[in-house]
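Each remark here refers to the structure printed beneath this line.
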Amino acid sequence: MWQAKDFQQKVINYYRQHGRKHLPWQGTKDAYRIWLSEIMLQQTQVATVIPYYQNFLDKFPTVTDLAEASSDEVMHLWSGLGYYSRARNLHKAAKMVAEEFNGDFPQTQEAIESLPGVGRSTAGAIAAFAFDQPTAILDGNVKRVLARCYGIEGWAGKASVLKALWQRAEKNTPAQDTAQYNQAMMDLGAVVCTRSKPRCDQCPLSENCYALKQDAIAQLPGKKPKKARPKRSVYWLICLENEQVLLQKRPPSGIWGGLWCFPELEQTEQAPPHEQKLDSFIHKFSHYDLEVQPLLVKKLDNTGIMEPIELESFALNFLQQKTAEIGLPTPVTKVLDSLN
DNA sequence: TAACCGTGGCG
DNA sequence: TCGCCAAGGTT
């Protein structure tokens, strides 16, 4: 079992020799930029985030710019990145920073964690990277490294396992060079201690790793118990008129909250009146499959089928490639593209 | 506690 | 091709 001090030294030394130091959000102490990167990186890989991060900063260079933006603008720049509650919370939090914190990003872990969308680990990361505080993080990378190195068994979704991981994370996090240490742990998990086929020959902790010693790498960390994925089937009503298409803003909570979609109906045996069936497809979410049957329809207000749906309609001039500044889910964008 | 919330890459 | 899951947080 590693002593915390030796562990820290090995990890920081690894960072100085092999760590990532030139990611777009590194080399700045701007808490806004660090916060933005941490939110975008939640459950999302680095390569996916980079172009979104650049676009977002070009449009909103400061937290005040973000606070003053419309929600459609914000959702537009987030379109395709997924987990859209992150964008809604980001916008809400920017307004909080502007109003309640007078534009100055909060500097204590507790105050940072009070922002919507910022949990314990993200707050720890921001406090360490932006303000050099000795705060611990516990993302998927750190969990994997600690679970293997110390033989912490079970799925991290279980409270007892999560508690043990946090205790170990707190114990191992140094009071000095915390930012380097935190970055090093994420680099180790992302580059060396990968989920499958870890590069143990490159790992500074391999001489004292529980999983390696016990030949239990595949068993650590514990996996989430898997369950059956339900399937939901819907119609998407595509109403074209004068080179425009009718879209509808989805409610703020639930899937694709705050984004614009085609009017949607649960599939029934009898399809609503339509001109033409387009190719159906299945969009796979992490927790269910969505079968979509797009239907070209005439005017919606004459058919009666739109009765339950509030016609907060919006015309998108897609035929001229003039995409409006609104948020669109990826499969909606694909259907729109296919119409051209 | 467990379900919910997106998308893309990888083995 | 398909299951898995990634710099998690909220309800």
Side-chain angles (χ1 to χ4, degrees), chain A residues 19-20 23-26 33-53 75 78-90 92-93 112-126 128-129 136-145 154-163 165-166 169 179 182-191 193-198 218 221-230 232 250-259 261 282-290 327-334:
Chain A
R20 297 174 291 184
L23 296 170
W25 41 86
Q26 295 180 311
R33 293 179 177 232
I34 291 167
W35 168 53
L36 176 63
S37 73
E38 291 299 329
I39 300 300
M40 285 188 165
L41 286 161
Q42 287 172 358
Q43 300 288 284
T44 311
Q45 294 180 350
V46 167
T48 304
V49 165
I50 287 174
Y52 283 88
Y53 178 78
M75 300 316 288
W78 207 274
S79 289
L81 197 54
Y83 283 134
Y84 297 95
S85 67
R86 295 184 295 173
R88 297 193 299 272
N89 284 331
L90 192 80
K92 193 185 301 178
I112 296 169
E113 199 173 336
S114 76
L115 299 174
V118 179
R120 182 175 175 183
S121 183
T122 299
I126 297 168
F129 291 139
I137 63 169
L138 188 64
D139 72 332
N141 292 308
V142 179
K143 285 174 185 167
R144 193 164 51 252
V145 172
W155 174 50
K158 252 181 87 175
S160 61
V161 179
L162 190 62
K163 186 178 175 186
L165 287 166
W166 266 115
N182 284 344
Q183 185 61 51
M185 287 294 285
M186 290 194 283
D187 288 358
L188 259 184
V191 177
C193 194
T194 48
R195 184 171 59 86
S196 60
K197 294 189 197 172
K223 293 170 188 168
K224 175 181 181 172
K226 57 178 173 183
K227 288 166 186 174
R229 269 206 330 215
R232 206 164 76 87
R250 300 180 70 96
S253 64
I255 198 80
W256 295 329
L259 277 68
C261 268
I282 294 175
H283 184 78
K284 291 176 175 304
F285 292 108
S286 45
H287 49 309
Y288 67 93
D289 290 346
L290 182 69
L328 295 171
T330 294
V332 172
T333 300
K334 286 181 179 167

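Worth saying up front: this structure is predicted, and the values here are computed from it rather than measured. Below, all heavy atoms of this structure are taken into account, side chains as well, without hydrogens, waters or symmetry copies. Letters A, B, ... mirror the listed sequences (proteins, then strands); counts begin at 1.
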Between [options], which one does the side chain of [X] approach most closely?
| X | options | result |
| --- | --- | --- |
| A/Lys223 | C/dC5, C/dA7, C/dG8 | C/dC5 |
| A/Arg195 | B/dT7, C/dG8, C/dC4 | C/dC4 |
| A/Lys227 | B/dA2, B/dT7, B/dC5 | B/dA2 |
| A/Trp25 | C/dA7, B/dA2, B/dT7 | C/dA7 |
| A/Ile255 | C/dA7, C/dG9, B/dC5 | B/dC5 |
| A/Ala159 | C/dC5, B/dT1, C/dG8 | B/dT1 |
| A/Asp139 | C/dC5, C/dA7, B/dG11 | C/dA7 |

Please determine if a side-chain N or O atom of [X] lies less than 4.0 Å away from the OP1 or OP2 oxygen of [N].
| X | N | result |
| --- | --- | --- |
| A/Lys226 | C/dG3 | no |
| A/Trp78 | B/dC5 | no |
| A/Gln43 | C/dG8 | yes |
| A/Thr330 | B/dT7 | yes |
| A/Tyr84 | B/dT7 | yes |
| A/Arg144 | C/dA7 | yes |
| A/Lys284 | C/dC4 | no |
| A/Thr44 | B/dT7 | no |
| A/His287 | B/dC4 | no |

Residue pair [X] / [Y]: nearest heavy atoms and the distance that separates them:
| X | Y | value |
| --- | --- | --- |
| A/Thr48 | A/Leu81 | CG2-CD1, 4.0 Å |
| A/Ala179 | A/Phe129 | O-CE2, 3.3 Å |
| A/Gly327 | A/Ser79 | CA-OG, 3.2 Å |
| A/Ala87 | A/Met75 | CB-SD, 3.8 Å |

[atom1] atom, [N] versus [M]: distance in rounded Å?
| N | M | atom1 | result |
| --- | --- | --- | --- |
| C/dC4 | B/dA3 | P | 15 Å |
| C/dC2 | B/dG6 | P | 24 Å |
| C/dT1 | B/dG8 | C1' | 15 Å |
| C/dA7 | B/dC5 | P | 23 Å |

May I have the distance from [X] (atom [atom1]) to [N] (atom [atom2]), rounded to whole angstrom?
| X | N | atom1 | atom2 | answer |
| --- | --- | --- | --- | --- |
| A/Gln26 | C/dA7 | CD | C1' | 11 Å |
| A/Asp289 | B/dC5 | CG | P | 14 Å |
| A/Trp166 | C/dG8 | CH2 | C1' | 11 Å |
| A/Tyr52 | C/dA7 | OH | P | 18 Å |
| A/Phe285 | B/dG6 | CZ | P | 7 Å |
| A/Tyr83 | B/dA3 | OH | P | 14 Å |
| A/Arg120 | C/dT10 | CZ | P | 14 Å |
| A/Met75 | B/dC5 | CE | C1' | 12 Å |

Just to be sure I understand the rule, does [X] reach a base, reach only the sugar-phosphate, or reach nothing, if contact means heavy atoms closer than 4.0 Å?
| X | value |
| --- | --- |
| A/Lys143 | nothing |
| A/Gly80 | sugar-phosphate |
| A/Leu138 | nothing |
| A/Ile126 | nothing |
| A/Ala47 | nothing |
| A/Lys197 | nothing |
| A/Val118 | sugar-phosphate |

Below 4.5 Å, heavy atoms only, C-beta onward: do [X] and [Y] meet side chain to side chain?
| X | Y | value |
| --- | --- | --- |
| A/Leu90 | A/Leu36 | yes |
| A/Glu38 | A/Val118 | no |
| A/Arg33 | A/Tyr53 | yes |

Which sits closer to the 5' end of DNA chain C, A/Gly189 or A/Arg229, going by the nucleotide each is nearest to?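 The residue whose closest nucleotide sits nearer the 5' end is A/Arg229.
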Fit a plane to each ring of A/Phe285 and A/His283, take the angle between them on a 0 to 90° scale, and name the class: parallel (under 30°), tilted (30 to 60°) or perpendicular (over 60°).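 Rings of A/Phe285 and A/His283: perpendicular, over 60°.
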Taking for each residue the nucleotide of DNA chain B bearing the nearest heavy atom, is the 5' side occupied by A/Tyr288 or by A/Gly157?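 Whichever sits nearer the 5' end wins; that is A/Gly157.
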Pairwise 5' ranking along DNA chain B for A/Lys224 and A/Lys334, keeping only the more 5' one: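 The residue whose closest nucleotide sits nearer the 5' end is A/Lys224.
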